[in-house]
Number of protein chains: 2
Amino acid sequence: MTQAAFFVLTALADQPRHGYGILREVEELSEGAVQMRVGTLYGVLDRLTADALIVLDREEVQQGRLRRYYRLTDEGTAALTAEAERLAAGASAAKKRIAEGRRSPASAPGTTDKPATRPGLAGGLA
Amino acid sequence: MTQAAFFVLTALADQPRHGYGILREVEELSEGAVQMRVGTLYGVLDRLTADALIVLDREEVQQGRLRRYYRLTDEGTAALTAEAERLAAGASAAKKRIAEGRRSPASAPGTTDKPATRPGLAGGLA
DNA sequence: CTGAATATATCGGGAGCCGATATATTCGTG
DNA sequence: CACGAATATATCGGCTCCCGATATATTCAG
């Protein structure tokens with residue numbers, strides 16, 4: 001799953017939203033960090049619809065402007081849940097490794113630090 | 001930052017590794033979930049080097065085979081840390097929203113798919 | 001000898017994101 | 001009333017990036 005798709009699904013997780021609303025919602029929920037472009041949105045929307053992760057919920061005409069609302073399917077909720085756990089696991093693994101790297105890399109206390117073949121630099125090569 | 005770049009940086013976070021070692025390490029740290037391809041690796045390596053997030057640490061010739069070791073720069077560690085926090089925040093936001101959405105789901109047991117007249121946004125709509 | 005694993009690298013195709021562009025209405029400002 | 005900004009939809013070309021295939025070379029197991 002791409003980053004853009006993840007954020008679209010997240011924006012739709014609590015309630016149905018229309019395209020432009022998704023754009024603003026993604027920016028808000030990421031605290032301004034992610035600014036998805038219009039050109040990105042519709043491609044993502046099409047792909048997610050094709051994959052049955054979202055569906056067209058309804059269409060409204062609000063003050064002369066069409067609003068096309070999308071919502072998550074059960075499959076979409078499941079996919080988002082799985083992806084969120086994957087990302088959390090990845091982030092967790094990265095943080096752990098950074099912490100490990102900050103110690104002396106040769107010997108960490110209390111760890112099963114036996115990284116397989118430790119090449120002893122034997123041999124006159126260089 | 002792309003997913004592949006993130007995993008390469010993570011694999012290098014605790015100690016310098018060479019290309020093929022990164023490939024195996026990424027697969028291991030992701031518990032088999034991510035299987036990065038060789039064609040992906042070298043592009044990522046070049047880009048990360050160009051961005052000064054990694055550097056060539058050293059070259060060894062082990063049993064006739066060249067091993068080219070890379071390691072994180074300080075900038076690379078900082079970038080990985082920032083990305084890990086970004087991912088964790090995204091994952092957290094997604095989970096929170098999924099939980100919020102479950103309070104008034106469209107697909108409730110015994111109910112057919114109803115668009116759910118949810119929050120009073122747009123109010124009476126007219 | 002042959003195949004698998006180790007280890008490097010390149011190339012073409014395709015997927016996906018971005019910037020620009022187009023259309024249309026409403027609202028605030030001048 | 002004119003104009004720009006915001007709202008709201010959609011498309012298209014270019015570019016980046018990932019993957020599969022391919023190539024080369026050595027070591028080890030069968």
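Lettering of chains follows the sequences in order, A, B, ..., and the numbering in each one begins at 1. The shown structure was predicted, so the numbers you read here are calculated from the model rather than taken from an experiment.
- The distance between atom CG of Leu23(B) and atom C1' of dC19(D), rounded to the nearest whole Å, is 12 Å.
- One finds the CZ atom of Arg58(A) at 13.0 Å from the OH atom of Tyr70(A) (value rounded to the nearest 0.5 Å).
- Between Phe6(B) atom CZ and dC18(D) atom C1' the separation is 18 Å, expressed in whole Å.
- At distances below 3.5 Å, not a single donor-acceptor pair connects side-chain atoms of Thr49(B) with backbone N or O atoms of Val55(B).
- The distance between atom CG of Leu41(B) and atom C1' of dC19(D), rounded to the nearest whole Å, is 13 Å.
- For the pair Asp46(B) CG and dT8(C) P, the computed distance is 13 Å after rounding to whole Å.
- Between Ala4(A) and Arg65(A), the residue anchored nearer the 5' end of DNA chain C, judged by the nucleotide with its closest heavy atom, is Ala4(A).
- Set against dT10(C), dC17(C), dC18(D), the side chain of Tyr42(B) has dT10(C) as its closest nucleotide.
- Contacts between residues 28-40 of chain A and DNA chain D, counted as heavy-atom distances below 4.0 Å, involve Val38(A), Gly39(A).
- Screening Ile22(A), Thr81(A), Ile54(A) for a side-chain contact (heavy atoms from CB on, under 4.5 Å) involving Leu9(A) leaves a single residue, Ile54(A).
- Checked against dA7(C), dT26(C), dT11(D), the side chain of Gln63(A) finds its nearest nucleotide in dT26(C).
- Under the 4.5 Å side-chain contact rule for hydrophobic residues, Leu66(A) and Leu23(A) do not share a cluster.
- Here dT7(D) presents its P atom at 15 Å from CD1 of Ile22(A), a figure rounded to the nearest Å.
- At dC15(D), none of the side-chain N or O atoms of Arg47(B) fall inside 4.0 Å of OP1 or OP2 (strictly under the cut-off).
- Taking atom CZ of residue Arg67(B) and atom C1' of nucleotide dT6(C), one finds them 8 Å apart after rounding to whole Å.
- Ranking dC17(D), dA8(D), dC17(C) by closeness to the Thr2(B) side chain, first place goes to dC17(D).
- Contact annotation: Arg24(B) side-chain N/O to dA5(C) OP1/OP2 distance is not under 4.0 Å.
- By the criterion of side-chain heavy atoms lying less than 4.5 angstrom apart, applied directly or through intervening Ile, Leu, Val, Met, Phe, Trp or Tyr residues, Met1(A) is grouped together with Leu80(A) in one hydrophobic cluster.
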Can you list, pair by pair, the side-chain donor-acceptor contacts under 3.5 Å of residues 31-47 of chain B, counting residues two or more places apart and other chains?
unit_1: Gln35(B); atom_1: NE2; unit_2: Glu27(B); atom_2: OE2; d: 3.3
unit_1: Arg37(B); atom_1: NE; unit_2: Gln35(B); atom_2: O; d: 3.2
unit_1: Arg47(B); atom_1: NE; unit_2: Gly43(B); atom_2: O; d: 3.4

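- Mapping Gly43(A) and Gly64(A) onto DNA chain C by nearest heavy atom places Gly43(A) closer to the 5' end of the strand.
- Separating the CZ atom of Arg58(B) from the C1' atom of dT8(C) is a distance of 17 Å, rounded to the nearest angstrom.
- Atom pair Leu66(A):CG and dT23(C):C1' shows a separation of 13 Å (rounding to whole Å applied).
- Counting heavy atoms from C-beta on, the side chains of Arg17(A) and Leu12(A) come closer than 4.5 Å.
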